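Below is one structure, written out as structure tokens, with a few remarks after it.
Treat the numbers as computed from the prediction; the structure is a model and nothing was measured. Chain identifiers are assigned alphabetically (A, B, ...) following the order of the sequence lines, protein sequences preceding nucleic acid strands; residue numbering begins at 1 within each chain.
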Amino acid sequence: MKLEDYELRGTALRSSDIKKGKVLSTSWEPDLKYAWDNGVAIGRYLAELKAGQIIGRACHKCRRIMIPPRMFCELCFRPTDEWIPLEDTGTVNTFSIVHVNWDASRRKKGEPPLIPAVIEIDGASKGMGIMHMLSEVDPKDVKIGMKVKAVWKSEEEREGAITDILYFKPARAKAGKRRKQ
Amino acid sequence: MTNRVAIVGIGTTGFRPVTPDVSFRELIFEAARKAYTDAGLEPSEIDGFITAAEDFVEGYSIADEYCPDQIGAVLKPTQTIPGDFIQALATGYMMIMTGAFKTVAIEAHSKASNIKNVDELTGFAFDPVYNRPLRESPHAIAGLEMMRYMFETCTSADQCASVVVKNKFNAMHNPYAAFGSDIETIDVLNSEPVSLPIHRLDIAQHADGAVVAVLAAEDVALSLTDIPIWIEGLGWCTDTPTLEMRDWGEAVYAAYSAEMAYRMAGITNPAADIDFAEICDEYSYKELQHMEALKLCMPGEAGHFVETGVTDISGELPINVSGGALGVGHLFEASGAHKILELVEQLRGEAGMRQIPDVEVGLAQTWRGVPTATGAVAILSNF
Amino acid sequence: MGYRKVAIVGAGMTKFVRRAQETGKELSWQAAKMALDSCELTLDQVDCVTLGTAPDAFDGVHMKGEYLADGAGAWRKPYMRHYVGGGTGVFSPIHGWFHIASGMADIVLVVAEEKMSSCHPHPQGAFITIFDHTTEQPLKPNLIWIFALEMNRYMQTYGLSKKDIALVSVKNKKNAIDHPAAQVAEEITVDDVLNSETLAWPVNRLDISPASDGAAAIVLVSERVARRLTDKPVWIDGVGFSIDTAYWATRDLSYPNYVETAARMAYDMAGITEPSKQIHVAEPYDPFDYKELHHMEGLMLCPRGKAAQLTADGVTQRDGNMPICPSGGALGVGNPIAATGLMKVIEIFLQLRGDAGKRQVPGNPTCGLAQAWGDLMQMGTVVVMRS
Ligand SMILES: [Zn+2]
């Protein structure tokens with residue numbers, strides 16, 4: 001058989017066909033609501049964020065310190081052992097400079113691009129990162145391997161969410177000075 | 001070459017109306033850890049993994065992403081079957097029968113309590129063009145079917161209510177069950193009308209929980225356990241999804257899937273060959289309608305059976321000794337899982353207070369709920 | 001190998017379009033009907049039906065597999081849906097293989113469907129809920145972000161430029177000109193890719209495949225049936241699949257381990273020891289141009305970090321030594337997720353039969369593979385086929 005020997009089906013429409021009513025359509029906005037149980041590990045993670053602390057969890061068998069924390073080690077398949085407070089600093093593993101919002105709409109004129117990044121958190125095992133945002137930095141200056149530090153919401157504003165960290169910014173102070181000496 | 005496949009390990013959290021203390025991951029880990037220990041295997045020794053899950057029940061657009069960690073399946077051959085646990089069981093069975101896999105673990109769970117408007121969710125499964133604009137309650141569809149079933153088989157509302165009474169009573173003896181109670185048929189008939197002839201107590205309530213089962217090829221099974229629970233028959237079938245074309249009185253999907261499973265198991269007289277059954281009772285009448293489709297009794301006979309105690313735990317053909325969905329809870333994709341769990345415990349002789357003596361062959365049957373016409377059947381034995 | 005042999009004997013597909021007038025059911029039916037016609041079978045001869053389709057959020061129907069059942073030809077048949085995110089389309093023949101290699105069935109209809117246009121205002125919006133609901137969704141991520149993050153890490157690790165990667169998009173969109181189902185086939189230049197709108201640096205608009213509607217289907221049969229139906233069966237000789245951890249931000253993003261694990265499983269089964277020599281033509285998944293390179297490396301068709309060089313040298317062109325995505329891939333033919341994976345399987349089926357027309361790669365290939373990838377950049381599916 002060859003595809004070319006068949007009249008392939010499928011009728012392409014333009015948006016205007018629908019807008020002008022040439023083709024009728026039915027619309028539906030689902031109203032689904034969920035409230036997820038955070039459980040033990042993420043529950044504690046969020047409580048610690050509210051307190052201004054990033055916390056990880058250690059598995060004594062494979063010796064990994066994991067973030068986000070989990071009550072079981074997915075590799076050793078046994079319960080994890082210990083809570084480990086981590087630094088609120090880290091290293092940029094990778095980043096992007098983003099001009100689209102979550103719903104595919106474009107950033108408005110004058111709005112700066114977003115800079116999501118994977119940040120390897122200091123104190124966790126090598127390669128253990130979380131996704132978060134970078135700010136207070138010119139997009140041109142962001143580099144893989146850059147040291148960054150969390151910028152927190154004020155204590156009163158924090159609610160126990162990943163957004164209690166507003167974003168990460170370059171950790172210039174210490175690292176910069178050391179390099180000059 | 002493998003000839004048979006057995007269940008060699010099973011684990012569960014049990015089922016509760018809510019589980020606020022654990023995340024879905026932590027819930028599943030508990031069941032998986034128990035199942036692997038029961039089987040005497042570590043997940044690193046298991047060749048393949050299956051999760052039975054649906055996106056919108058999980059609340060994720062690609063729920064498959066979140067399946068590996070809590071079942072120990074990182075960098076392992078792993079797949080999601082958006083269907084009932086028994087369909088996933090059939091896939092696991094086929095995987096082993098190919099010869100490419102010796103062991104397969106199957107997981108299903110429910111975090112129903114995290115879905116805040118289940119009826120809206122079920123409504124979202126309706127045909128978007130033909131049915132959804134009518135904004136019917138999902139229970140209305142069941143009401144239509146119950147009405148037609150009762151009409152065709154001369155089954156009474158009282159007989160349907162007897163199913164609720166029996167199953168909730170059975171559930172009191174099942175430590176896993178969430179909704180055991182001692183009620184009377186009049187309580188069912190006096191509960192508020194939802195979509196007549198359906199009353200509130202005719203409907204199974206949702207529960208949370210997880211089940212993991214481990215399957216193994218014959219040679220591995222025999223090396224792992226003294227009581228492998230053999231998969232003798234499997235069948236699954238989808239009747240039309242179009243509501244308007246359906247046979248409203250009969251559960252055709254159940255009849256076809258049973259036929260397939262009986263053929264595979266070599267069963268010619270189901271009523272005599274099956275010792276006990278766990279049958280989908282998401283609505284009270286469904287247990288009766290399914291019994292008839294499964295040929296466990298003649299059409300129109302099921303109501304009489306339940307009324308006269310034939311399907312009680314001490315009867316000739318015990319049905320839903322676990323408490324069924326009415327007593328244990330409706331578990332979405334894990335609905336078939338609690339039935340398989342019950343079969344395994346009964347066939348191993350580990351069912352405690354609700355143990356049926358001397359059982360050798362059990363049947364589990366599920367239906368995927370409104371608005372589907374999909375179901376599956378599994379037949380297990382201990383010899 | 002000791003496995004019951006399974007052959008592909010028929011194939012069908014719809015055109016891939018941005019917005020189809022047909023419903024998902026109708027698209028499924030069109031592809032399924034063509035597949036059955038192509039091998040002169042009728043629906044009543046089919047033992048089982050299996051369906052691959054990705055997120056329910058696209059079509060906007062909960063339990064989408066149930067909804068699509070009649071369109072897929074499943075009425076009153078044993079019917080099941082399988083689902084591994086974007087890897088689904090290449091998992092479809094694997095699920096079909098289970099049915100036949102196990103002895104459960106002799107003839108299986110395998111259908112893959114996606115109707116992304118139902119999701120408004122844009123299917124990308126449905127993707128926010130692929131992220132962890134507690135630790136990631138509050139940051140309001142877009143799907144493209146994670147690919148941009150992965151692409152950046154890949155470029156940095158191997159010192160690749162956007163130019164190196166854009167060559168893939170140029171090649172595939174050009175290849176697609178010869179594909180009768182193609183949605184976005186065109187002749188473009190590297191500069192066109194680099195100058196197209198920057199969505200999430202390093203990802204530009206022309207680095208990405210489009211959103212599409214479409215369906216594809218194949219017929220799988222046992223050896224006995226295959227011999228009766230055709231003198232050109234294509235055998236499924238190896239299947240592999242693997243999923244990595246959902247904690248994606250804790251992984252090495254520069255290399256797709258999950259593809260390598262899946263490939264090793266399929267190669268073992270097919271007796272392939274030197275993939276770069278033994279595989280004559282390949283259809284790795286290319287929803288983003290860098291992904292084709294990433295996947296070639298995961299499939300061990302070339303050493304890590306070297307796929308871009310092969311592309312620049314023309315080795316992956318249709319007339320090169322290792323033709324990659326001769327169909328035009330997701331970048332050129334279009335990307336109705338699950339249907340794309342099965343389209344790739346169909347392309348290898350046609351290539352190995354010598355039926356690919358203008359797209360035919362030279363040298364009478366006898367061994368090819370299709371691969372797809374999905375979820376949070378964590379799922380790999382691989383099928384090895386021989387004529
Ligand atoms: Zn560990």
Please classify the contact between [X] and chain A as side chain, backbone, both or neither, with a heavy-atom cut-off of under 4.5 Å.
| X | answer |
| --- | --- |
| B/E58 | backbone |
| B/L27 | neither |
| B/P43 | side chain |
| B/F56 | both |
| B/A32 | both |
| B/D69 | both |

If you measure only the distance, is there a donor-acceptor pair under 3.5 Å linking the side chains of B/E107 and B/T51?
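Yes, B/T51 and B/E107 have a side-chain donor paired with an acceptor closer than 3.5 Å.
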
In residues 76-89 of chain A, which residues are in contact with chain B at a heavy-atom separation under 4.5 Å?
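Near chain B, by residue number: A/C76, A/F77, A/R78, A/P79.
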
B/I229 and its side chain to side chain contact (heavy atoms under 4.5 Å, CB included) partner, picked from B/V344, B/I340, B/L215:
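Going through the options one by one, the only one that passes is B/V344.
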
Checking side chain to side chain contact (heavy atoms under 4.5 Å, CB included) against A/T91, which of A/I119, A/D122, A/V148 comes through?
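Testing each of A/I119, A/D122, A/V148 against A/T91, the sole residue satisfying side chain to side chain contact (heavy atoms under 4.5 Å, CB included) is A/D122.
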
Ring centres under 6.0 angstrom apart (B/H139, B/Y283):
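Aromatic pair counts; centres sit under 6.0 Å.
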
Ring centre gap for B/H206 and B/F332 strictly below 6.0 Å:
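Close enough - the centres of the two rings lie under 6.0 Å apart.
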
For A/W28, is it the side chain, the backbone, both or neither that has a heavy atom under 4.5 Å from a heavy atom of chain B?
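The answer is the side chain of A/W28.
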
Identify which of A/T26, A/L75, A/D31 forms the greatest number of heavy-atom pairs closer than 4.5 Å to chain B.
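Most heavy-atom pairs under 4.5 Å with chain B: A/D31.
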
Top contributor to chain A interface from B/R33, B/R25, B/K111 [non-hydrogen pairs under 4.5 Å]:
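Among B/R33, B/R25, B/K111, the one with the most close pairs to chain A is B/R33.
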
Among B/V22, B/L75, B/N114, residue most engaged with chain A (heavy-atom pairs, under 4.5 Å)
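Greatest number of close heavy-atom pairs with chain A: B/N114.
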
Can you find a heavy atom in the side chain of A/D164 that is under 4.5 Å from one in the side chain of A/K50?
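Answer yes - side chains close enough.
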
Determine whether B/V104 and B/I106 make a side-chain contact, defined as any pair of heavy atoms from C-beta on separated by less than 4.5 Å.
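Contact flag for B/V104/B/I106 side chains = yes.
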
Supply the atom-to-atom distance B/F29 CZ to A/R70 CZ, rounded to the nearest 0.5 angstrom.
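Between B/F29 CZ and A/R70 CZ, I get 12.5 Å after rounding to 0.5 Å.
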
